[in-house]
Each structure stands twice: as structure tokens, then as C-alpha cells.
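Before any comments, here is the structure.
Numbers restart at 1 for each chain; the letters A, B, ... are given by sequence-line order, proteins then strands.
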Protein chains: 2
Amino acid sequence: MVTKQFTSVWTREPRSPRSSPGLSREQIVHAALELLDSEGTEGLSMRKLGAKLDAGATSIYWYVANKDELMELAYDEIWADMEVADPDQISWRYSAATFGKGMRQAILRHPWAARLIGRLPAIGPNALHATDLLRKAFTQAGFRGLEIDYAASTLTAYVFGMTIPEAVWNEYINERQPDMDGMRQAVVAAVAGYPEMQARVEEMHAHDPQEIRAMSFDFGLYTVLDGLEARLVT
Amino acid sequence: MVTKQFTSVWTREPRSPRSSPGLSREQIVHAALELLDSEGTEGLSMRKLGAKLDAGATSIYWYVANKDELMELAYDEIWADMEVADPDQISWRYSAATFGKGMRQAILRHPWAARLIGRLPAIGPNALHATDLLRKAFTQAGFRGLEIDYAASTLTAYVFGMTIPEAVWNEYINERQPDMDGMRQAVVAAVAGYPEMQARVEEMHAHDPQEIRAMSFDFGLYTVLDGLEARLVT
DNA sequence: ACCTGAACACCGTTCAAGT
DNA sequence: ACCTGAACACCGTTCAAGT
């Protein structure tokens, strides 16, 4: 049973405050984000990133221990790109709702991030700042102690679970441009044994998929908020 | 704009009903599952799978178009490994709760599956059978039309969002055996700027992590169910 | 019809060597 | 202190060739 010394990008000091020459961590992360946003998960490799920076692929390893660390750094940036409402100004319900919607939009804007959600604790500075606000909202609502965490987990779990598939789906559509009619037919065919489901699938195909997803998200969001409210009165 | 013919493992006929010689799809999927369960996501490569089957790595491509398809087949098996309660016998609330807990356990039993959740529509036979039962429960509850889907999505999104990180975490612990104390210290240090959070993290470290997660899951599960119930009366 | 091995075009990462 | 290219140990997949 070999236990390995645990290290994290967030605990180790980055490589000197930058004097002048060559690369920097920010520069690298920034370039990585551009590749990810424009070309998706598969668009980022150490070699491509090196090329984009006019540097050898292995130069990056001076600033970052490995690709996973680089991804952690990139991932945290997502949460800087999320509008949050200060719970001091407004009702906890409104600020929690804004939080959920903002989280969804941030993920949809950076679909590659969907594949990273759920790895090691999201303890980057931007992620911490965001979750701190959510916790404030639930404290204001009346939750205490560990229930603050439970409530926050419930909301974020819902948003993640709802948005991850949506983001992955969008990325798939963009990358592969699949034949949509064929896909719909495939789904209808697969569901053939379940007439109830088949009717529902056809009903969904009659609407704009974007709209359906937005409605579905809001339905669940208010469901979760109602449920949380119920926990408060008892 | 090149739209590619869409195909899926589930729509294409598998390679003949098997006469006698060599490999078969079931055999391959079964071996893949064994590798995944015992060695995790990284334990499965086409070469390793070939070796396990005493065959060339590329023989597999006769039965399956590519690795993604193989993963889809393996992934669907997860939902065969999930206890479901027939909603005809019991209250919708109880059967939905059992469904959620069963889903969580199935994922925790096969943590590698966590990384596959949210890809192309889960339209494998086992997944369909399970979701059909959930839809029955919500129909019995009184939901109608698209709201049946919304309700089902809300519950499954919550379970996925809560369980994916838990499963990935478990896999990480098992594979890398990290130094737990060091990790805790790292988290406490990262959270230094947020005294409220720091207090909560320490409170969590004082309990059994498994227990905390189970309690957290149940809290959210009943929250979602309460929320759904609220949607019914209005 | 089924299986094979060689080959292709990639990966992430290590490391000795350079400035 | 920073950067490099060569090299290692892997990938998934294609394909002409075998039986």
C-alpha cells in the first residue's frame, strides 16, 4: 500500500512571479483555453499547445507538472466567466436561481469543461469564490451547519447532471455535424418497444430542442428550490 | 457543412446470430466489463482486451465499429445491474426514491461508467427498461405529457450530478492511493480565505466521509421528491 | 466469414543536453 | 533559470493479406 505524497496545482507555488523572458503560466492557460473553446476537448494536446505558443511541447512542463494540472487551471477559469448575484441584495431564492442559471450558461459556453466536472475537489480560486456566494445565499435562507453544504450540493448536483449531457451533446453536434433526421429516426426506432415513450419522443421532436431543454431546466430548477424551501419550514 | 450519416450500435444489426467459431459480441463486452471493473477506465485498451480474449487487438473491429461503440455496449450493462421497484405495487414516491438510490449504487459499483454518463442518448435496452419504469412512477404520480420527462430528468440529473463526482473520487483513491492527510491539509489551506467554509470542511473531516456522502445524497433526494410533489398540487 | 500483423498517425511524459 | 529534441511507451484505427 504505497501512499503517494499528495500535491495540487493550487497548493504548489507557481514558478516565480515572472521576471521577463519566455512563457508564463497565465499565457499557457490562456492559450489552452483558446484551443479548448475553439476546437473542443480533442483540440488540446501538449504538442498543439506548444506550437500555438511558438515553443517546444515540452517547455510547458516547466510551468505545470502534467496535463491534468493544466486542465485544472483551465477549468477554474470557467467559474470566473459566471455571473453571480450578491445574496445580500436579494432573496436567497432569486440568488440561488441566478446561480444555477449562470452555472448552466458558463458550462454551455465552454462545453469541454463538462468532461472535467467531478474530478478532484474544485478548489481553484474562482470556483471557491462562486461557491462561497451560494453558501451565503443558503445561510441567509436559514440553513445551518452541514445543511448549508447539503443544500449547495443538491443545487449544484442538479445543475451539473442536467447541463453536462447538454454540453456534451452540443459539442458532439458541432464536431461531427451528424445527420439529424437519421438520428431522430434511430431514437424513435430504439424506443419502439415503449409506446408511451415513443409518443413523448415525437412530441419533443415537434418542438425546438433548445426551447425544450431550457424549459426542462427551469422545471427542475424550481423543483429543487421548492424542495429546499420545504426543508426550511419543517 | 458535411452531415455524416448517423449510425448507432443500437440500430445496426450485430454480426449474425453467432454460429460457432471464434468471438462474439457478448463475449467481447463481457471481457471489457471485467477489465473496466477491475482496473478502471484506463485498464481498457483494444490491445489489452484483445490479449484477454486470446485474439489480435484488431479482431474486435469485426464485431464493433470502434471503441466508442464498445463503451456504449458496456455502459448499457450498468443499468441491468440496478434494482428497480415496480411502481404498480407501491407509492410513486417510494419507487422514485428506490430508483434514485439504485442508480447511485449501480454507478458506485462501476465507477468507470461515471465518465460515460451524458454522451449520446442512453437508448440501450437496459437503460430504456429502467427509465420506462421511472416514467411509470411519475405517470402514476399524476404528471402528464412532457412533464413526465421533465420530472424524470430532474431526478436523474440530481442523481448523476451527485454520484459522478463520488464515483470518480472513489476511482481516484483506489488507483493512486494518495496521502489522505496531506490532501485534507491542502483543502483546508486552499479554503483559508473563507473562514465559514473552513469551519465546515473541518466539521466534515471529523466524520466518516462515506456517511457524510450518504446523508448528503439522501438530503438532496428527498429535497427533489418534495419539490416534485409541490409541482403536483399546484 | 473471420482473424491477423504491420503500419500510420497520433498521444503524454522523461531526460540529458543546451543556453 | 528556462527551453529543446530525441526517445519511450503507449494509444485507436486502417488495410492488405491470410485462412
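With B:Thr163 contributing its side chain and B:Phe160 its backbone, the two residues share no donor-acceptor pair below 3.5 Å.
B:Glu42 has no carboxylate O lying under 4.0 Å from a charged side-chain N of B:Arg115, or vice versa, which leaves the two without a salt bridge. Taking a cutoff of 4.0 Å between a charged side-chain nitrogen and a carboxylate oxygen, B:Glu83 and B:Arg109 qualify as a salt bridge. A salt bridge between A:Lys136 and B:Glu196 is absent, with no side-chain N of the basic residue lying under 4.0 Å from a carboxylate O of the acidic one.
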Can you run through DNA chain D from 5' to 3' and write each base as (, ), [, ], | or . depending on how it pairs? Watson-Crick or G-U wobble, both distances under 3.5 Å.
-> ||.|||||...|||||.||

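Classification of the A:Tyr172-A:Trp169 ring pair by plane angle, with boundaries at 30° and 60°, yields parallel.
Within a 6.0 Å sphere centred on NE2 of B:His205, heavy atoms belonging to other residues, nucleotides or ligands number more than 12. Counting non-hydrogen atoms of neighbouring residues, nucleotides and ligands closer than 6.0 angstrom, the CD atom of B:Glu203 exceeds 12 such neighbours.
Checking the phosphate oxygens (OP1, OP2) of C:dC3, no side-chain nitrogen or oxygen of B:Trp62 falls inside 4.0 Å.
For A:Tyr61, there are no ring pair (Phe, Tyr, Trp, His ring centres under 6.0 Å) partners, not counting sequence neighbours.
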Heavy atoms under 4.0 Å is the rule here; annotate nucleotides 4-19 of chain D 5' to 3' with B where the base is hit, S where only the sugar-phosphate is, and - elsewhere.
-> BBB----BBBB-----

